[in-house]
Amino acid sequence: MKFTKSYEPGEFEPQIYAEWERTGVFQPRIRQFAGNEKETQDCYALVMPPPNANGNLHIGHGLTVAIEDVLARYYRLKGKSTWYIPGADHAGFETWVVFERALEKEGKSRFDFSRDVLYRQVWDFVQMQRGNMELQVRALGASCAWDDLTFTLDENVVSRVYQTFEKMWNDGMVYRGKKLVNYCPKHQTAFADIEVDHETEAGKLWDIGYELVEKNGEMTELIVSTTRPETIFGDTAVAVNPEDARYKDVVGKMVKLPLTGRVIPVVADEHADPEYGTGVVKITPAHDFDDFEVGERHGLPMVQVIGEDGHMTSEAGLGFAGLSASEARKKVLEQLEEQNLLRGEHEIEHAVAHCYKCGAVIEPTLKEQWFIDVKRLAKMAVERLEKGEIKFYPSNKRKVLINYLENLKDWNISRQIPWGIPIPMFQKETAGAEDASEWIFDTRTNLQKIEVGGVTYVRDEDTFDTWFSSSQWPIVCTDWLEGKENPYYPLNVMETAGDILFAWVARMIMMGVYVTKEVPFKEVYLHGLVLDEHGQKMSKSKGNVINPIEMVTKYGSDAFRLGILRGRSAGMNQAFSENSVVSGRNLCNKLWNVARFVQGMVDEAEGSGVVAKEIEIARESAEVVNAGQVNAGVEMPYSTDNMGEDWICRELTKCKEEIEDDIKEYRFSEAVETLYSTIWDKYADWFIESQKQYKNIPLLKVTLEMILKMLHPFAPFATEAIWQSLSWTGGMLVIQDWPTRLKFDPISAERFESLQDVVRETRRLLMDLKSANQSNKWGLLYGDDALVADNELLVMGLTKVNSISSCEGQPRGLRLALTNHEVYLDVPEEVVRKYRENIEERILKIGRELDALNLRLTNPNYVNKAPAHLVWQTREGVKEKTELIERLKKELEVIA
RNA sequence: GGUUCUUUAGCUCAGCUGGCUAGAGCGUACGAUUCACAUUCGUAAGGUCAUUGGUUCGAGCCCAAUAAGAACCACCA
């Protein structure tokens, strides 16, 4: 392949991904589940939180894939058998909503069809829309094992879910109960608490007079405050606080329920807040969660007055039955007004529960549903969490999770939506609804009726909450089986969005511990929301949504990945802008051009046949050595006169070690920074520049290879494209070995840094002079300075001065402000004089620094208590600065 | 009410176990150009680390309080 002038991602990415996939490099190298001897150490597994099978990826998926793929690719290079397991979600409710909308457009309703027909229709609907998501995951470069893609309705998922459910049923952890559930009247299904959005809204609070059956002194009625007058027909008591002196005497008395004349008791209950409204609250156990609990405490009857269709039931009585809830409210208020029972009306703000999908007001409704006894599950999970069996990033989430688990209520897993996994429970055909013993477990959910022992049972029409099946995701995806060793379970890490900590992570831990007796993953990394560049939440209505695939098309997959990882740390909601993608693109292009330039040098040298042999030597010596030794590493061929080579070996080794630490601790942002500055500021700006003077072809090759490997997890396409374009590399980068340390001479490396100071100081001085309208065409003179003398060409090349030579014992011009060097910029006398002020300023500045250091040393506590090396460093600093000031002063004298 | 987080350069963020002159990207200013790269190169300006107090030889980091902002959970008759 020939190197073009700039890197064009679009020309490489599709082919490269296709080749990766075709050659099967994303499949784990070892797949053993038979329990053979196997070192689990060598395996690394993680699952992709399954995106909606028939949807498109959004920016959050972009972040997920970027993070997870860095991990997968890094550990693959490290030689681990890496299994990055992709998934696709049937997205029960989301998809259902889309499908139902489509049905409505055709003028049909879900109630026109049986569940089985609906299920088949949605299945076809999803198949038609499917595929985009998977293509987009590929475009992001995810190195996942496509052969193992799991769809959340796949047979193995269903069978695992049924096994678990059966176990829970047998263990008595599942029960059928008639309880108040969150119910969306629009979609006609129940929800878990977690699926409900609470929003603060303006509303009204009405005071209604409830007449006391017997007068209590002057008191003839109790005034009840309510926001929901339409539920008045379901009232089975009114409550006052037991501590409330005003109502002490009416507790146990009866009141007449307005509009009906029914007589209900006054109970004392903590739930009534004396501060709120009149302090008297009506109790409607069938339509309010708190009232439900009050009802249970006092053994009150439950009267359902709003049906599942959102209309009033016959319990509401003639004239109301059949009205919608809001119509009923109007009518109740009118009649109360007529009967002179309305005592007041106040504007208030209160939280109202909404369906998280359609926004309809959630109607707490009495329903018979399957519930999971979460207490036992949560307890097991909390025990493991408290033992620290799972490490959290950010660490505080562990406490947050424990706090949540300890306060969890039972979990309603029934959904009245056909699109999902059917609940494998059948009820005796003639049974009344109440008796749990009439239910049997059976997996033949494809049948509506089954016969067992001559008795007919009818299928429960409900499906599982999707979180019930996804809570078993790590178990399913890794093919975990009881009694068989599985090197991929527990997963090494669970990476996902912080906002599903409760919905998903908590449930995976509970179910994982329950089913496998092990935590399902060893570490959890949670990422925050991706916000727009001003820190605002992205939303369609604000028009600030960034589409990851558009970014990929425009700048390349690598650029997007580098961009989104930059400035990101665990658990934080963080801003993201196109700018960071641009800088990612620039890095890829920079590296491309570095490679192009190195290849050019290689071609030139090899064309002349000089180095072919040397390369062989370099390769052979590239063996792993004891990494514990300070200076151990791969032996490199050096030219004797360029310490830049030792320096770059040191820097690359440092970079490698920093990245290793960063990835281990999930500090992606810092890893990207480190790579960016190593490649750009160090390798390109200093090493490559100095290699223009001294070409060490074997070293250029080895260092470039090392950089490609280190950047590969972050920018897989560009690095692979370069790898395959270089003349001397073979195979695919994706399955190379992670680099080992490079050997270097630390003294030589430090000398190069010292030389960099000379170059920088020269440049700075030239800039200063230019600002003062002086020409920059000067030469450099050096005095007693062996380092500069030995590197004349390098210094000249990097500073672009006219000439460089020894001053032959006769220094002139401006001396560079460096302690360890005697170098002069050869400028005429008058320029030196003009520059006098500058020198004076410098003396003052260094003087201030010197004072600070001296102050530290005069403090006996510092000298005695601080670590010796710090004190030593401070003393050295004082020495250096004192010398420098002396010199500058001498110079001033000379000028004067 | 409960839990948790954030506050560092104009903007977005790093800063790991307390230890050299607090860093990066973008932006800004000034300058360069036959060179692998204008998706380039060089130089610079820009900070009371929210405030106050404490611990310490030493605090952006630890502790306490305050202020501002955010998220989640519970509740709101």
Side-chain angles (χ1 to χ4, degrees), chain A residues 3 5-7 193-194 198 200 203 205-206 224-228 231 238-239 271-273 276-284 288-291 348-352 394 396-397 399-400 403-404 407 498-499 501-502 528-529 531 533-535 555 559 563 566-569 571-577 579-580 582-583 585-601 661-662 665 667 669-670 672-673 676-677 684-685 688-689 692 760 763-764 766-768 770-771 776 799-800 845 848-849 852-853 856 859-867 869-870 873-874 876-877:
Chain A
F3 280 101
K5 196 168 178 187
S6 61
Y7 175 59
D193 295 346
I194 211 156
H198 290 271
T200 304
L205 186 66
W206 288 277
V224 168
S225 304
T226 182
T227 53
R228 304 206 54 196
T231 61
V238 298
H271 166 62
D273 177 3
Y276 195 92
T278 57
V280 186
V281 56
K282 68 200 238 353
I283 302 299
T284 324
D288 183 280
F289 288 97
D290 290 313
D291 292 5
I348 54 150
E349 287 224 319
H350 62 151
V352 181
N396 67 299
K397 295 291 179 190
K399 256 173 77 184
V400 174
N403 182 49
Y404 170 79
N407 296 304
D499 56 5
L501 175 66
F502 297 152
L529 284 178
L531 308 172
E533 58 185 319
H534 303 295
Y555 300 105
R566 177 162 278 211
R568 210 150 291 277
S569 54
M572 296 269 296
N573 294 345
Q574 279 158 319
F576 169 68
S577 77
N579 268 342
S580 56
V582 170
S583 85
R585 188 238 356 224
N586 294 354
L587 179 66
C588 294
N589 188 61
K590 185 74 185 180
L591 186 58
W592 178 260
N593 273 288
V594 164
R596 178 154 89 112
F597 186 63
V598 170
Q599 182 67 63
M601 288 195 275
D661 283 350
D662 287 341
E665 294 295 317
R667 294 189 298 250
S669 168
E670 284 169 58
V672 171
E673 288 309 326
Y676 198 97
S677 72
D685 290 351
I688 293 284
E689 286 304 318
K692 285 177 181 173
R760 281 202 201 93
R763 285 171 178 167
R764 191 175 304 144
L766 289 171
M767 243 346 250
D768 276 359
K770 185 162 293 173
S771 306
N776 67 329
T799 55
K800 306 220 161 73
K845 187 173 166 248
R848 280 193 296 272
E849 288 167 12
L853 293 183
R856 210 176 293 168
N859 181 345
N861 281 323
Y862 175 71
V863 180
N864 294 333
K865 291 191 187 171
H869 72 277
L870 287 175
Q873 271 177 23
T874 313
E876 285 296 296

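Letters go in sequence order (proteins before strands), and every chain restarts at 1.
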If you measure from the C1' atom in B:C62 to the same atom in B:G18, how many Å do you get, rounded? 8 Å
Please work out if A:Asp662 contacts a base, only the sugar-phosphate, or nothing of the nucleic acid, heavy-atom cut-off 4.0 Å. nothing
A:Tyr676 six-ring face occupied by A:Lys590 cation (under 6.0 Å, within 45°): no
Would you say the side chain of A:Arg667 and the base of B:C16 hold a donor-acceptor pair, judged only by whether the two atoms sit under 3.5 Å apart? yes
Watson-Crick or G-U wobble partner of B:C30, both distances under 3.5 Å: B:G42
Of the listed nucleotides (B:U39, B:A36, B:C57), which one gets closest to any side-chain atom of A:Arg596? B:A36
In this structure, how many angstroms lie between the C1' atom of B:C16 and the CD atom of A:Glu670, rounded? 7 Å
Given the rule in the side-chain contact (heavy atoms from CB on, under 4.5 Å) test, do A:Leu591 and A:Tyr7 qualify, once you have shown the distances and angles that lead to the verdict? CA-CA 9 Å; A:Leu591 186 58; A:Tyr7 175 59; over 6 Å; no
I need the CE-C1' distance between A:Met601 and B:A36, as an integer number of Å. 9 Å
For the side chain of A:Lys590, counting heavy atoms from C-beta on, which of B:U12, B:U21, B:C37 is nearest? B:C37
Per atom distances to the A:Gln873 side chain, the nearest of B:U43, B:A36, B:C20 is B:C20
Please work out if A:Pro867 contacts a base, only the sugar-phosphate, or nothing of the nucleic acid, heavy-atom cut-off 4.0 Å. base
Can you measure A:Asn589 atom CG to B:C37 atom C1' for me and round it to whole angstrom units? 6 Å
Atom-pair distance (CZ on A:Arg566; P on B:C11), nearest Å: 19 Å
How far, in whole Å, is B:G60 from B:G47 if one measures between their C1' atoms? 11 Å
Find the distance A:Asn573:CG to B:U6:P and express it as a whole number of Å. 12 Å
Is A:Leu587 touching bases, backbone alone, or none of the nucleic acid, heavy atoms closer than 4.0 Å? nothing
Look at A:Arg764 and B:G42 and indicate whether a side-chain polar atom (N or O) is within less than 4.0 Å of OP1 or OP2. no
Please determine, for the side chain of A:Asn593, which listed nucleotide (B:C37, B:C73, B:G15) has the closest atom? B:C37
So, does the side chain of A:Gln574 form a donor-acceptor pair with the base of B:A14 at under 3.5 Å? no
Rounded to the nearest 0.5 angstrom, the CE-CZ distance for A:Met767 and A:Arg764 is 11.5 Å
Between B:U34 and B:C41, how far apart are the C1' atoms? Round to whole Å, please. 15 Å
As a test of reading the structure: which of B:U43, B:U3, B:C16 is closest to the side chain of A:Val400, going by heavy atoms? B:U3
C1' atoms of B:C20 and B:U39, separation to the nearest Å: 36 Å
With a non-hydrogen cut-off below 4.0 angstrom, is A:Lys397 in contact with a base, only sugar-phosphate, or nothing? nothing
Suppose you measure atom C1' in B:C11 against the same atom in B:U28; what distance do you get, rounded to whole Å? 12 Å
State which of B:U39, B:C16, B:A24 makes the closest approach to the side chain of A:Glu673. B:A24
Output the single nucleotide from B:U12, B:C20, B:A36 whose closest atom is nearest the side chain of A:Arg856. B:C20
Mind calculating the distance between CG (A:Asn407) and P (B:U3) to the nearest angstrom? 11 Å
Listed nucleotide nearest any side-chain atom of A:Ile688, set B:A24, B:A36, B:C16: B:A36
Between C1' of B:C37 and OH of A:Tyr7, the distance in whole Å: 15 Å
